[in-house]
Amino acid sequence: MKFLAGKFDVAVIGAGHAGIEAGLAAARLGCKTGVFTINMDAVGNCPCNPSIGGTAKGHLVREIDALGGEMGKAADACFLQSRMLNRGKGPAVHSLRAQIDRRAYSARMKHTLELQENLELRQAEITELEKTNDGLWLLTTRLEAQYQAKAVILATGTYLGGKIYVGDVSYESGPDGMFPSKFLPDSLEKMGMDIRRFKTGTPARVLRSSIDFSELEEQCGDDPIVPFSYDTENIRENKVKCYVSWTNENTKKVILDNISRSPMYSGKIEGIGPRYCPSIEDKIVRFSDKPRHQLFIEPCGLDTEEMYIQGMSSSLPEDVQLDFYHTIKGLENCTVMRPAYAIEYFCADPIQMNRTLEFREFPGLYGAGQFNGSSGYEEAAAQGLVAGVNAALKIQGKEPLILDRASSYIGTLVDDLVTKGCNDPYRMMTSRSEYRLILRQDNADTRLTPIGKKIGLITDDRWKRYNEKQEKIKAELERVRKTVLPPSEDLNTILREHHTSEVKTGIRLVDLLKRPELSYEALKEIDKTRTENDNNVLEQVEIEIKYEGYIKRQLIIIEQVRKLENKLLPNDIDYSNIDGLRLEAREKLNKVRPESIGQASRISGVSPADISVLVIYLSTLKNKNKNGEGNQ
């Protein structure tokens with residue numbers, strides 16, 4: 001018998017990376033929040049790679065932290081090994097990645113939710129969602145408990161209609177053998193939501209003692225360690241090593257000999273898989289000319305003997321998996337503790353949402369994470385934060401949080417999803433941003449902490465430390481611009497050692513730092529007025545100096561683009577009636593419902609000529625309204 005079990009301002013369905021950030025954000029902004037999970041032991045689970053960050057993903061974690069989110073703090077508290085990727089490239093693509101203890105991370109996130117004021121964590125499978133006549137949402141659990149909420153955030157991950165595939169075997173399941181969300185998809189389709197099937201996968205876990213590490217290349221962590229969170233002061237040392245190996249011709253032969261047994265190639269899997277994180281059998285087929293593929297062997301935690309084989313996800317039968325893992329150097333005698341599998345699940349077409357991640361046709365309903373068609377813990381957490389903040393702000397009658405592409409990778413992620421949609425699981429990459437030099441991970445706090453403070457997620461103590469850091473950056477920039485170093489043999493010796501031209505007259509420190517061959521570290525012996533500053537301050541100052549011209553040019557472009565973003569389009573336009581628009585543009589514009597000319601310009605199928613038509617139409621509309629014609 002159904003019964004009313006509780007009332008919330010915000011209800012979050014799912015307690016993975018998206019659900020955690022959504023629930024914490026809404027609760028911290030003062031909303032009574034309920035977070036529902038099918039299994040309480042799966043809160044914050046990392047069913048795939050036990051790591052946080054990576055190329056572009058590290059940027060997202062830094063941005064989440066700068067806005068007041070939780071992922072960076074948890075990753076710092078639970079990390080096993082930390083590395084800065086792409087150090088050999090420019091600062092725009094430097095990305096932090098940390099191997100984490102997956103169980104410690106999950107436990108920490110669960111406890112954080114449990115301790116959070118205004119938040120209740122519940123184990124329950126939501127089976128039905130419906131809008132009531134009074135504008136509230138009604139959630140029904142499998143045990144027939146019902147909850148009312150003013151706003152609902154769908155953060156269901158891969159649980160929604162989840163189905164596991166290993167060779168010919170398939171069965172309904174969530175990740176890691178958990179129960180799937182079996183009934184909710186029918187309820188969403190009944191509402192009229194457009195949902196589709198995507199697929200992802202995960203590699204096997206093998207027993208540490210069965211690996212021959214003498215055959216593997218070691219991969220050590222960085223020293224010193226750079227934390228994710230601007231709140232983290234005392235970071236621990238690296239605890240583990242990771243290892244590298246490669247596939248070979250024997251691996252390739254085993255896979256190709258059994259490719260017909262893969263559900264991907266036999267047609268059993270309907271869902272679309274991730275383009276940028278393919279299974280090993282997909283790599284072998286798609287890149288048949290490559291003689292080998294790299295894989296990484298990484299620990300899952302300090303208190304487990306499971307090792308994760310990154311780069312080797314598969315849906316081939318278990319016997320084939322054993323055969324191809326045993327062809328790899330170091331894994332010849334490995335014991336597979338958990339076989340690899342593919343998982344298929346339902347997700348929504350994100351074009352149905354606006355940039356607050358609220359469904360246009362279902363006010364008060366938001367999507368986040370893999371439910372929105374994305375892939376990855378970091379992408380999920382970023383969307384969860386945006387959805388949680390906006391649900392709370394709407395309930396409180398406040399202006400929404402809209403992050404544009406020039407402000408953050410989070411803004412780029414959300415804009416890509418709701419404007420362009422995705423035909424396969426979306427993964428954030430630095431190449432997706434046209435403003436990479438501005439959106440560096442080192443300056444995420446400069447870009448976003450004032451926004452986090454305005455929203456209400458940044459504490460007074462954090463804000464004080466942020467302002468102190470900005471003053472240090474300002475003072476250091478002023479110092480290097482004023483400091484003049486006289487010519488000397490000591491200075492010229494340093495310049496010769498770093499293969500840059502000597503000086504015969506005095507030179508400003510800022511002009512030396514502009515040289516690509518030089519750095520603070522190279523000049524420390526000659527820079528006598530330098531004060532003690534943390535590395536993050538010096539890093540930001542040096543990047544601002546070296547790339548000053550490029551940054552200024554990019555800022556000019558950003559201002560030009562923002563003029564288009566400020567040309568807002570009424571939400572009730574019927575694009576079918578606008579003369580001059582091509583048929584495809586009319587269809588796409590009516591489907592996406594762009595908020596501005598800028599957003600319209602990024603829709604696939606909308607040409608520059610169509611944008612010109614829209615600009616003229618908007619100008620005509622404003623003139624009519626000014627003359628009173630719109631009120632007749």
Side-chain angles (χ1 to χ4, degrees), residues 15-25 42-86 94-113 115-116 157 219 221-240 242 296 298-304 308 310 369 374-385 408-410 413 427-428 441-442 444-445 448-449 452 457 462 536:
H17 304 283
I20 287 169
E21 297 291 351
L24 289 174
V43 172
N45 187 28
C46 298
C48 198
N49 201 348
S51 71
I52 298 294
T55 302
K57 295 168 179 283
H59 292 68
L60 289 173
V61 182
R62 274 288 182 86
E63 291 180 352
I64 291 165
D65 182 76
L67 287 166
E70 195 66 25
M71 177 174 265
K73 298 182 185 68
D76 288 343
C78 304
F79 93 98
L80 300 175
Q81 186 199 83
S82 178
R83 296 177 65 236
M84 186 69 73
L85 306 183
N86 302 322
H94 292 176
S95 297
L96 190 61
R97 180 185 187 272
Q99 199 69 23
I100 61 166
D101 188 317
R102 66 182 294 232
R103 293 302 178 205
Y105 184 91
S106 176
R108 189 187 190 281
M109 282 302 202
K110 177 173 178 283
H111 201 206
T112 300
L113 291 174
L115 293 175
Q116 178 60 51
Q219 194 174 60
D222 288 344
D223 185 21
I225 295 166
V226 178
F228 278 113
S229 177
Y230 293 95
D231 274 341
T232 302
E233 295 180 357
N234 299 313
I235 197 77
R236 299 181 294 123
E237 71 278 3
N238 290 293
K239 296 287 187 181
V240 300
C242 297
F296 300 87
E298 302 167 330
C300 291
L302 290 179
D303 300 320
T304 178
Y308 178 87
Q310 187 198 159
S374 65
S375 171
Y377 309 148
E378 302 80 7
E379 290 89 339
Q383 293 169 69
L385 181 67
S408 56
Y409 273 90
I410 297 177
L413 163 66
R427 178 180 178 179
M428 177 50 69
Q441 64 170 15
D442 65 272
D445 58 339
L448 296 175
T449 297
L457 290 178
R462 171 85 174 261
N536 194 251

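The structure presented is a predicted model; accordingly, all values stated were derived computationally and were not measured.
Minimum heavy-atom separation, Asn86 to Ser95: ND2-OG, 4.4 Å. Looking at every heavy atom in both residues, Asp101 comes nearest to Asp303 through OD2-N, 4.4 Å. Shortest non-hydrogen contact noted between Ile64 and Ala382 is CD1-N, 3.5 Å. Minimum interatomic distance between Ala98 and Phe79 (heavy atoms only, all atoms of both residues): CB-CB, 4.1 Å. Glu21 approaches Gly69 most closely through the heavy-atom pair OE1-CA, 3.5 Å. Scanning all heavy atoms of the two residues, the minimum distance from Asn536 to Arg62 falls at ND2-NH1, 4.4 Å.
To the nearest 0.5 Å, atom CD1 of residue Ile225 and atom CG of residue Asn238 are 4.0 Å apart. A distance of 5.5 Å separates CD1 in Ile52 from NE2 in His17, rounded to the nearest 0.5 Å. Rounding to the nearest 0.5 Å gives a distance of 9.0 Å between NE2 of His59 and NE2 of His94. A distance of 5.5 Å separates CG of Leu24 from CD of Gln116, quoted to the nearest 0.5 Å. Of the inter-residue distances, the one linking Glu379 atom CD with Leu413 atom CG reads 6.5 Å to the nearest 0.5 angstrom.
Under a 4.0 Å N-O distance rule, the pair Glu298/Arg97 qualifies as a salt bridge.
Pairs passing the side-chain hydrogen bond (donor to acceptor under 3.5 Å, both in side chains) check and including a residue from residues 71-81, sequence neighbours excluded, read Asp76-Thr232.
Remark: Glu70 engages Arg28, Arg108 in a side-chain hydrogen bond (donor to acceptor under 3.5 Å, both in side chains) (not counting sequence neighbours). Every residue two or more places apart in sequence or in another chain that forms a side chain to side chain contact (heavy atoms under 4.5 Å, CB included) with Ala18 is listed here: Ala155, Ala368, Ala380. With sequence neighbours excluded, no residue satisfies side-chain hydrogen bond (donor to acceptor under 3.5 Å, both in side chains) with Glu233. Among residues two or more places apart in sequence or in another chain, the side chain to side chain contact (heavy atoms under 4.5 Å, CB included) test is passed with Ser375 by Pro425. Residues that satisfy the side-chain hydrogen bond (donor to acceptor under 3.5 Å, both in side chains) test with Ser106, not counting sequence neighbours, are absent from this structure.
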I'd like to know whether Ser51 forms a side chain to side chain contact (heavy atoms under 4.5 Å, CB included) with Tyr377, so could you lay out the CA-CA distance, the side-chain angles of the two residues, the decisive distance to 0.1 Å, and finally the verdict. CA-CA 9 Å; Ser51 71; Tyr377 309 148; 5.6 Å; no

Step-by-step side chain to side chain contact (heavy atoms under 4.5 Å, CB included) determination, Met71 to Tyr105: CA-CA 9 Å; Met71 177 174 265; Tyr105 184 91; 3.6 Å; yes

Give the intermediate values and the outcome of side chain to side chain contact (heavy atoms under 4.5 Å, CB included) for residues Leu67 and Leu385. CA-CA 9 Å; Leu67 287 166; Leu385 181 67; 3.8 Å; yes

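Judged by distance alone, the side chain of Glu63 and the main-chain N or O of Ile410 form a donor-acceptor pair under 3.5 Å.
Using a 4.5 Å heavy-atom threshold, the side chains of Asp65 and Asp445 count as separate. Side-chain contact between Arg83 and Gln99 is absent, with no heavy atoms from C-beta onward closer than 4.5 Å.
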